[in-house]
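The chains referred to below are lettered A, B, ... by the order of the sequence lines, with proteins before strands, and numbering in each begins at 1. From a predicted model like this one, the values you see are computed outputs, not experimental measurements.
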Amino acid sequence: MKWKRTHTCGELSANNIDENVVLMGWVASRRDHGGIIFIDLRDRWGLTQINIRPESSVYEEAKKLRNEWVVAFKGIVESRPDGMTNANLATGEIEVMATELEVLNAALTPPFNIVGDNVASEDLRLKYRYLDLRRQEMQQNLVMRHKVAQLARNYFSENDFLEIETPCLMKSTPEGARDFLVPSRLSRGKFYALPQSPQTYKQLLMIAGFDRYFQIVRCFRDEDLRADRQPEFTQIDVEMSFIHEEDVFAIVEGLMERILRETLDIEIPRPFSRLSYDEAMRTYGTDRPDRRFDLPLVDVSGIVKSSGYGIFVQAVASGKTVAGICAPGCASYSRKQQDDLAAWARQRGAAGLIIVKVGAGTLEGSVAKYFDEQQAAAMIAAFQAREGDLLLLCADERDLMRQVLAELRGEMAKRLGLIDDQKISLTWIVDFPLFEWSQERNRYVALHHPFTSPVAEDVEKMTTDPGTVRARAYDLVLNGLEIAGGSIRISRQDVQQKMFQALKISPQEAEQKFGFLLEALSYGAPPHGGIAFGFDRLIMILAGCQSIRDVIAFPKTASATSLMDGAPSEVDAEQLIELGLQMKERSLL
RNA sequence: GGGGUCGUGGUGCAGCUGGUUAGCACAUCGGCCUGUCAAGCCGAAGGUCGCGGGUUCGAGCCCCGUCGGCCCCGCCA
């Protein structure tokens, strides 16, 4: 490299005219007119047009340049002739008249286009991730990610929080997600686990007196992937002492307010709306409703049980629920469209979908005749339906019904164009139950995690009636995605032990797995609580991406592999020997 | 573990109910062109259709298996 760069490719303007400059970057585009040659030089700050005239001493060499070559140009900033400016480019008023050129590195023709919208398939993008990341869209996503991370750091620091790092090699814990295990060489036969979250550490930091902690931290869960789930992901982890739920809400709302203002220039009303878990489940069928649109679930069991429609009557009699949503203006759906919807619902486990058209104050369609006038009016009132609407009804076990209708609600909103993608909807979900019955494990499991505090007056019921115990937990839902979740923690040892009991964790196991925490709780643990953000998901929404992979520099595929470097891979026999490990054929297990 | 979907020149896609030399766009290479900005025009090269097996006179197209990408269910406190 012969010269020192004087400017980036995004900063030259009319103010720099006549200056001698040195730019370095990648050839984004080459337009060879036979005489004059234009090169778009690209770096992460932008694009600058280089002008090479036939009389230039670098003309012959410039002819050889190809896309993605790395080059340095020395030249003079000139104003573009009238009518030749490019308003789409920050540097569009000027161009650099090349006087000297140094090729810093030639490049193979890339396997896909870096510029333009002919986007390659995702597996190819992942294999050549370093090329994919050159694309403007990906650069913008990672800039957004940095901005929000930086903003969060500043915000928490200004609010007197300390960023403290916690270990990546920790003790494996039962409950929750499957751990990634790391074999120990020094303690042969033993394993570390990578943290699913720094949950216990941040609680120990509270006990240590580091009131107001935060950390932007990598977490690991060895579970199957989704568009919004990676085996390693990042949390903004927060914990505070001597606080109540409201203190957490206030801090988080302040952060979200600032993030939305400074990234999307959106002002959001505070305080954020709140919805109890029960109400969310009743109204939307899910604990993370997308409230950018309405379309509520309406339980009409009470109305239909006295109708003449056998399916409904029997369903209600057998303890099932009949509920539905009202699809506005869909009465014009053809028989086929209706059948398709029913099939769609069956595919998701519902027994079917019963579809009723709404006329002028009446119900129409084959089912309508089973409803008398009064019942029909009650139905229409319940759904606040109008003529031309379509009622989509489901008769099933409550939880299944909710699951199906929640999905149907989202699907119909999409089809009807009810989702305003410019809109931001933030809702706190509160009043979660502490436990959830697990059919599979035949015991209660923690809905949130086993360190979540019960509501004080429910502590006694932890042993007698766990299903009714309320948790001091909360989630923050953004446009139907859970972006943060937290709780006030258990800070008393006796309550923590009750929790383990309720989860059928024996005192021995509790001692073995969580003895350190139980002991710590007995050395003066302050009341404390906090929250953790799914940082990648947050960025995904802010960047308008459909997948978390697009906001992670080097993500894994759906089968948790890295197509670029080939991880995971086999290791040398010697490495296994050192660790005291031996591979077994799957058939021998 | 299960379900769905995709896999065609370097890339993105098309390929009718299975039937002659598998199309298009971009990229690449060459030529022309002094003002373009994802330059333009002309021309060329480049694929046997992820892989294996099967059905058939004949398969990119049908069937079975397998590998890989993506989406979903289970799972993810």
Exercise. Of the nucleotides B:C70, B:C75, B:C37, which one has an atom closest to the side chain of A:Glu440?
Worked result: B:C75
List every contact pair, protein side and nucleotides 5-12 of chain B side both N or O, where the distance is under 3.5 Å.
{"residue": "B:G10", "atom": "O2'", "partner": "A:Pro111", "partner atom": "O", "Å": "3.1"}
{"residue": "B:U11", "atom": "O4'", "partner": "A:Pro111", "partner atom": "O", "Å": "3.2"}
{"residue": "B:U11", "atom": "O2", "partner": "A:Asn118", "partner atom": "ND2", "Å": "3.3"}
{"residue": "B:G12", "atom": "OP1", "partner": "A:Ser121", "partner atom": "N", "Å": "2.8"}
{"residue": "B:G12", "atom": "OP1", "partner": "A:Ser121", "partner atom": "OG", "Å": "2.8"}
{"residue": "B:G12", "atom": "O4'", "partner": "A:Asn118", "partner atom": "OD1", "Å": "2.8"}

Side-chain N or O of [X] closer than 4.0 Å to phosphate OP1/OP2 of [N]:
X        : N     : answer
A:Arg549 : B:C71 : yes
A:Ser29  : B:C37 : no
A:Arg31  : B:A39 : yes

For this session: With heavy atoms under 4.0 Å as the rule, sort A:Arg441 into base, sugar-phosphate or nothing.
Result: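 Touches sugar-phosphate only.
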Problem set entry | For B:G7, the Watson-Crick or wobble partner whose two distances fall under 3.5 Å |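 Paired with B:C67.
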Exercise. With both distances under 3.5 Å as the test, what is the Watson-Crick or G-U wobble partner of B:G40?
Worked result: B:C32
Exercise. Are A:Glu137 and A:Arg135 ion-paired here, with the side-chain N under 4.0 Å from a carboxylate O?
Worked result: yes
Exercise. With the threshold set at 4.0 Å, does a side-chain nitrogen-carboxylate oxygen contact exist between A:Arg549 and A:Asp536?
Worked result: no
Problem set entry | A:Tyr444: side chain to side chain contact (heavy atoms under 4.5 Å, CB included) partners, not counting sequence neighbours |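 Testing A:Tyr444 for side chain to side chain contact (heavy atoms under 4.5 Å, CB included), a comparison that skips the adjacent residues, returns A:Phe435, A:Trp437, A:Pro466.
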Exercise. Does the pair A:Tyr213 and A:Tyr201 meet the rule for a ring-ring contact (aromatic ring centres under 6.0 Å, His included), with working shown?
Worked result: CA-CA 11 Å; A:Tyr213 139 97; A:Tyr201 289 113; over 10 Å; no
For this session: Can you check each nucleotide of nucleotides 28-34 of chain B against protein heavy atoms at under 4.0 Å and return B for base, S for sugar-phosphate only, - for none, in 5' to 3' order?
Result: SSS--BB
Exercise. Under the ring pair (Phe, Tyr, Trp, His ring centres under 6.0 Å) test, which residues partner A:Phe533, sequence neighbours left out?
Worked result: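 Applying ring pair (Phe, Tyr, Trp, His ring centres under 6.0 Å) to A:Phe533 gives none.
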Exercise. What pairs with A:Tyr192 under ring pair (Phe, Tyr, Trp, His ring centres under 6.0 Å), at least two apart in sequence or on another chain?
Worked result: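 Checked A:Tyr192 against ring pair (Phe, Tyr, Trp, His ring centres under 6.0 Å); zero matches.
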Is there any protein nitrogen or oxygen under 3.5 Å from a nitrogen or oxygen in nucleotides 41-48 of chain B, and what are the pairs?
none

Problem set entry | Neighbour count above 12 (heavy atom, 6.0 Å) for A:Arg221 CZ |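 Counting neighbours around CZ of A:Arg221, more than 12 heavy atoms of other residues, nucleotides or ligands fall under 6.0 Å, so yes.
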